[in-house]
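Everything below concerns the one structure shown next.
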Amino acid sequence: MCWSATADLMAGMGVAAVGAAAVAVTAHRRRPRDLPLAALPLLLGAHQIVEAVVWHSGGGAGPATTAWAVIALPVPALWVPLGVLLAAPPEARRRLFAPAAVGAATAAVLTLRLATGTVTADVRRHTVGYAIDLPYAPLLIAAYLVATVGALLLAPDRALRTLGGLVAAGALVCAVLWNTAFVSTWCAVAALASVTLLVRTVRRPPVLDPRRSDPLAAP
């Protein structure tokens, strides 16, 4: 939540618990293609817990700061569009290849920068700012948003489009109010918004024939 270490920790534990429940329900209903999206709250909840560690360490550079940056930057850029692509029916996948390709390229660049550079965290009064030297930062941020938010908005599933709208609105608000801590605050908003995935998971019917969970499986 960014307001304090305690807020990050409590929110992270709550969101992660929601993610664990979504994964359990998805696995029980035999929907393997939905597992990456169902696990997204679990990932983002863990991310908030990592930031609580950054708070307690006083910021700076260190394993927690690096772990936070890895989960915040390259992982969602690849995870979200691929998750949406996997969960989509065959007839809707063509339009989702573009954000998936953008996400893969963006994740590759971000991973390279994190592997060769140093990430530092600056703990402020109610936020944490992160600094990393990114080439063409505005372009990378735009590509990141196309991959993550764009994939959700292009999804055929109404629940995923709703999540996309929530995180897009959150990105705008965070950019206006917390420009110097945009990534941190927006990740907190995205974590809370991802709780909506549990509702989607619960509403999805079980698959009685496991082969039907994969439209590409042989009849």
Side-chain angles (χ1 to χ4, degrees), residues 1-13 15-16 19 36 39-83 99-151 167 170-192 194:
M1 288 293 290
C2 303
W3 311 119
S4 69
T6 301
D8 262 328
L9 180 61
M10 297 303 293
M13 291 174 63
V15 173
L40 186 58
L42 184 59
L43 174 71
L44 296 180
H47 190 227
Q48 296 307 119
I49 295 172
V50 170
E51 186 163 77
V53 178
V54 175
W55 276 95
H56 279 296
S57 64
T65 302
T66 301
W68 186 95
V70 170
I71 302 175
L73 297 173
V75 172
L78 187 62
W79 187 304
V80 174
L82 286 184
V102 171
T106 303
V109 173
L110 292 172
T111 299
L112 178 62
R113 297 306 298 179
L114 291 175
T116 58
T118 300
V119 185
T120 58
D122 178 22
V123 176
R124 296 152 191 174
R125 185 176 181 183
H126 292 299
T127 60
V128 181
Y130 295 86
I132 179 173
D133 182 24
L134 292 177
Y136 310 105
L139 180 60
L140 273 176
I141 292 173
Y144 178 93
L145 293 175
V146 166
T148 54
V149 179
V167 295
L172 179 61
V173 171
C174 291
V176 171
L177 298 182
W178 298 288
N179 183 50
T180 58
F182 166 73
V183 178
S184 176
T185 51
W186 180 66
C187 283
V189 170
L192 295 179
S194 70

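Keep in mind the model is a prediction, meaning the values are calculated, not measured.
- Heavy atoms only, all atoms of each residue included: Ala61 and Thr118 are closest at CB-CG2, 3.9 Å.
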Problem set entry | Val54 and Tyr130: CA distance, side-chain angles, deciding distance, side-chain contact (heavy atoms from CB on, under 4.5 Å) verdict | CA-CA 11 Å; Val54 175; Tyr130 295 86; 3.9 Å; yes
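- Take Ala52 and apply the side-chain contact (heavy atoms from CB on, under 4.5 Å) test, not counting sequence neighbours, and it matches Asp8, Leu9.
- In terms of heavy-atom proximity, Ala69 sits nearest to Pro74 at O-CD, 3.6 Å.
- Each salt bridge (charged side-chain N to carboxylate O under 4.0 Å, His left out) pair with one or both residues in residues 131-150, not counting sequence neighbours, appears once here: Arg113-Asp133.
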For this session: Would you please test Glu51 and Val128 for side-chain contact (heavy atoms from CB on, under 4.5 Å) and show each step?
Result: CA-CA 9 Å; Glu51 186 163 77; Val128 181; 4.1 Å; yes
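- The nearest pair of heavy atoms linking Val123 to Gly58 is CG2-C, 3.7 Å.
- Interatomic distance, Leu140 CG to Leu145 CG, rounded to the nearest 0.5 Å: 11.0 Å.
- To the nearest 0.5 Å, the span separating CG on Leu40 from OG on Ser194 amounts to 5.5 Å.
- The minimum heavy-atom distance linking Val146 with Pro99 is given by the pair O-CB, 3.8 Å.
- Using a 4.5 Å cut-off on side-chain heavy atoms (C-beta onward), Tyr144 and Leu110 make contact.
- A 4.5 Å side-chain heavy-atom check between Thr66 and Leu114 finds every atom pair outside the cut-off.
- Inter-residue side-chain proximity for Ile71 and Leu43 is flagged as met; some heavy-atom pair is nearer than 4.5 Å.
- Put simply, the side chain of Thr106 gets close to the backbone of Val102: a donor and an acceptor are under 3.5 Å apart.
- Under a 3.5 Å cut-off, the side chain of Thr65 and the backbone N or O of Thr120 do not form any donor-acceptor pair.
- For residues 59-80, no pair satisfies salt bridge (charged side-chain N to carboxylate O under 4.0 Å, His left out), with sequence neighbours left out.
- The backbone N or O of Pro36 lies less than 3.5 Å from a partner atom in the side chain of Trp79, making a donor-acceptor pair.
- Heavy-atom minimum distance, Leu82 versus Ala100: CD2-CB, 4.1 Å.
- The minimum heavy-atom distance linking Pro76 with Pro81 is given by the pair O-CD, 3.6 Å.
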